[in-house]
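Worksheet for the structure shown next.
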Amino acid sequence: MNNNRNYPWIVVGLLWFVALLNYMDRQILSTMRPAMSVDIMELQSAAVFGNLMAVFLWIYGFMSPVAGVLADKWNRKWLIVGSLFVWSAVTLAMGYANTYSQLYALRAIMGISEAMYIPAGLSLIADYHSDKSRSLAVGIHMTGFYVGQALGGFGASVAASYSWHYTFILFGFIGMLYSVVLMLLLRDTNSQVDHGKVASSGTPLLKGFSLLFSNISYWVILLYFAIPSLPGWATKNWLPTLFSENLEIPMEQAGPLATITISISSLFGVILGGIISDRWIQKNVRGRIYTSAIGLALTIPAVILIGYGQSIIAIVAAGLMFGFGFGMFDANNMPILCQFVLPKYRATAYGVMNMVGVFAGAYITRILGKSADSGQLGRDFALLAGIVLLVLIIQLTVLKPKENEKLV
């Protein structure tokens, strides 16, 4: 099947559903607190519920570099299949949990298992696609995360019709069933299989880290990934609140408006950003960097407008601009990485990037929580535009690839 010229796109399709399940299964918990707190009294406390959400984030972040190393050393097919099966089994098990301690332990295990997917999945797509289609392939895959995040919001609806126990069991069973489909249809690249044999014969486990951190371009890529993660996570966690406060509308209206605005525009951004990048790089070796920079530049005025806007037209337009620009940026992170990092270390490199991005998200979520309590959420959100502009200038100044893809 690997020799089928359409198989690289089949891989994107197969992993698109994994990406959807990855975000959907982590997201459903956030919508079902009211239903769950009836049976598990501790969840009536927002602080306790926050701890349940936070344990996933911190463990997920710490495990991301480990996941990257494993993806560079082992067969990525089985890492992806195992990751999906375990986090789906955990989701299913949450349907049988009766205490807060059980939920906490399961959420921690989910952080480990879900972290294993993204470095392996993105590096597999990058290896299957050449510079002519890599950004579009990654962009299409990223839409799975957006759709999964949106579908996760329907967890409360399913719980209201049936029960929160049934919702976890249903979603978990779907993922476990799909892992069987992957076992039958997904294949790793031949080069990775061969490399795995070599790696297992004695390549130093941490050699990838030493090579990455001795590369100044990788440090810039890390910074360029981390800083936009600040407004990226800020919009995920605080945009509904900003919409509600600035437009003076109830959260029941602000939540869907914020989510739909960002999700739809991001979908268009990753697709168009992928197409533009794949074409531009055929004419200019910095085409991916320029495409990503254009997308990130669009988020700068958007962040300011979201923070200070007072009319629904201004704020929704800013949300659409932010989502579209961030989508263009999102579609090109792994493809840009491929221009500076060898294939056998790309999963490790992205694992570290993912960790830095998640920790940046955890940090800004906490900071903006204090801003919200002091009534300065809009102002402090808008200030993020300044540091995004700074990192954009650094990226354009320093990152100068010499080839479309680093192979030697």
Side-chain angles (χ1 to χ4, degrees), residues 10-29 55-92 94 106-129 137-149 151-152 171-172 174-183 185-189 192 196 225 229 270 330-331 333-334 337 346-359 361:
I10 293 174
V11 169
V12 174
L14 289 171
L15 296 185
W16 186 90
F17 284 101
V18 183
L20 182 150
L21 292 168
N22 187 274
Y23 262 56
M24 183 175 71
D25 286 351
R26 76 172 71 170
Q27 196 72 19
I28 55 174
L29 175 66
V55 67
F56 169 88
L57 201 61
W58 287 109
I59 291 180
Y60 178 89
F62 277 118
M63 288 303 299
S64 289
V66 178
V69 172
L70 294 178
D72 282 332
K73 298 291 183 182
W74 294 355
N75 185 292
R76 290 170 294 193
K77 168 189 173 174
W78 295 111
L79 195 60
I80 291 169
V81 170
S83 173
L84 172 60
F85 184 86
V86 172
W87 91 59
S88 299
V90 168
T91 302
L92 186 146
M94 290 178 73
L106 289 168
R107 192 71 174 171
I109 297 171
M110 178 176 277
I112 297 172
S113 54
E114 285 215 1
M116 295 294 144
Y117 171 63
I118 293 183
L122 285 180
S123 67
L124 184 60
I125 290 173
D127 281 0
Y128 265 114
H129 286 265
V138 170
I140 291 173
H141 174 261
M142 297 300 288
T143 64
F145 293 130
Y146 303 143
V147 175
Q149 186 174 1
L151 290 179
F171 282 33
I174 291 172
M176 293 173 71
L177 190 64
Y178 189 65
S179 68
V180 177
V181 176
L182 288 186
M183 287 175 61
L185 299 180
L186 187 64
R187 299 287 182 272
D188 206 332
T189 59
Q192 177 73 2
F225 184 81
S229 294
V270 291
D330 229 3
N333 287 317
M334 174 57 91
L337 187 69
R346 287 173 187 167
T348 299
Y350 198 88
V352 176
M353 289 168 60
N354 204 32
M355 178 188 72
V356 172
V358 168
F359 287 168

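- To the nearest 0.5 Å, the span separating CG on Leu186 from CD1 on Ile10 amounts to 11.0 Å.
- Taking every heavy atom of both residues into account, Leu20 and Leu151 meet most closely at CD1-CD1, 3.9 Å.
- Under a 4.0 Å N-O distance rule, the pair Lys77/Asp188 does not qualify as a salt bridge.
- Every residue two or more places apart in sequence or in another chain that forms a ring-ring contact (aromatic ring centres under 6.0 Å, His included) with Phe145 is listed here: Tyr23, His141.
- Residues Tyr128 and Arg187 form a side-chain contact, since some pair of their non-hydrogen atoms from C-beta on lies under 4.5 Å apart.
- Judged by distance alone, the side chain of Ser83 and the main-chain N or O of Ser113 form a donor-acceptor pair under 3.5 Å.
- The backbone N or O of Thr348 lies less than 3.5 Å from a partner atom in the side chain of Asp72, making a donor-acceptor pair.
- Considering only heavy atoms from C-beta on, Val147 comes within 4.5 Å of Trp16 through its side chain.
- Scanning both residues, Leu337 and Ala349, for their nearest heavy atoms gives CD2-CB, 3.7 Å.
- Listed here is the closest heavy atom pair of Ala126 and Met334: CB-CG, 4.0 Å.
- Other residues, nucleotides and ligands place more than 12 heavy atoms under 6.0 Å from the CZ atom of Phe359.
- When all heavy atoms are compared, the tightest approach of Gly68 to Pro119 is CA-CB, 3.8 Å.
- To the nearest 0.5 Å, atoms CE (Met110) and OG (Ser88) are separated by 8.0 Å.
- Taking CG of Leu21 as the reference point, atom CH2 of Trp87 lies at 6.5 Å (rounded to 0.5 Å).
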Test side chain to side chain contact (heavy atoms under 4.5 Å, CB included) applied to Tyr146 and Val270, step by step: CA-CA 10 Å; Tyr146 303 143; Val270 291; 3.6 Å; yes
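- Note: Leu84 CG to Leu15 CG = 10.0 Å, rounded to the nearest 0.5 Å.
- When side chains are defined from C-beta on, Val90 does not count as touching Glu114, because their heavy atoms never get closer than 4.5 Å.
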Met116 vs Val86, side chain to side chain contact (heavy atoms under 4.5 Å, CB included): CA-CA, chis, key distance, verdict: CA-CA 10 Å; Met116 295 294 144; Val86 172; over 6 Å; no
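- Here the straight-line distance linking atom CD1 of Ile109 with atom OG1 of Thr91 works out to 11.0 Å at 0.5 Å rounding.
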Criterion side chain to side chain contact (heavy atoms under 4.5 Å, CB included) on Tyr178 and Leu14, from CA distance to verdict: CA-CA 10 Å; Tyr178 189 65; Leu14 289 171; 3.8 Å; yes
Check against side chain to side chain contact (heavy atoms under 4.5 Å, CB included), Met24 and Ile174: CA-CA 11 Å; Met24 183 175 71; Ile174 291 172; 5.5 Å; no
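- A distance of 4.5 Å separates CG in Leu29 from CZ in Arg107, rounded to the nearest 0.5 Å.
- Side-chain contact between Met183 and Trp78: present, with at least one pair of heavy atoms (C-beta onward) separated by less than 4.5 Å.
- Residues Val138 and Asp330 share a closest heavy-atom pair of CG1-O, 4.5 Å.
- Across Asp25 and Ile28, no two heavy atoms sit closer than the pair O-CG1, 3.5 Å.
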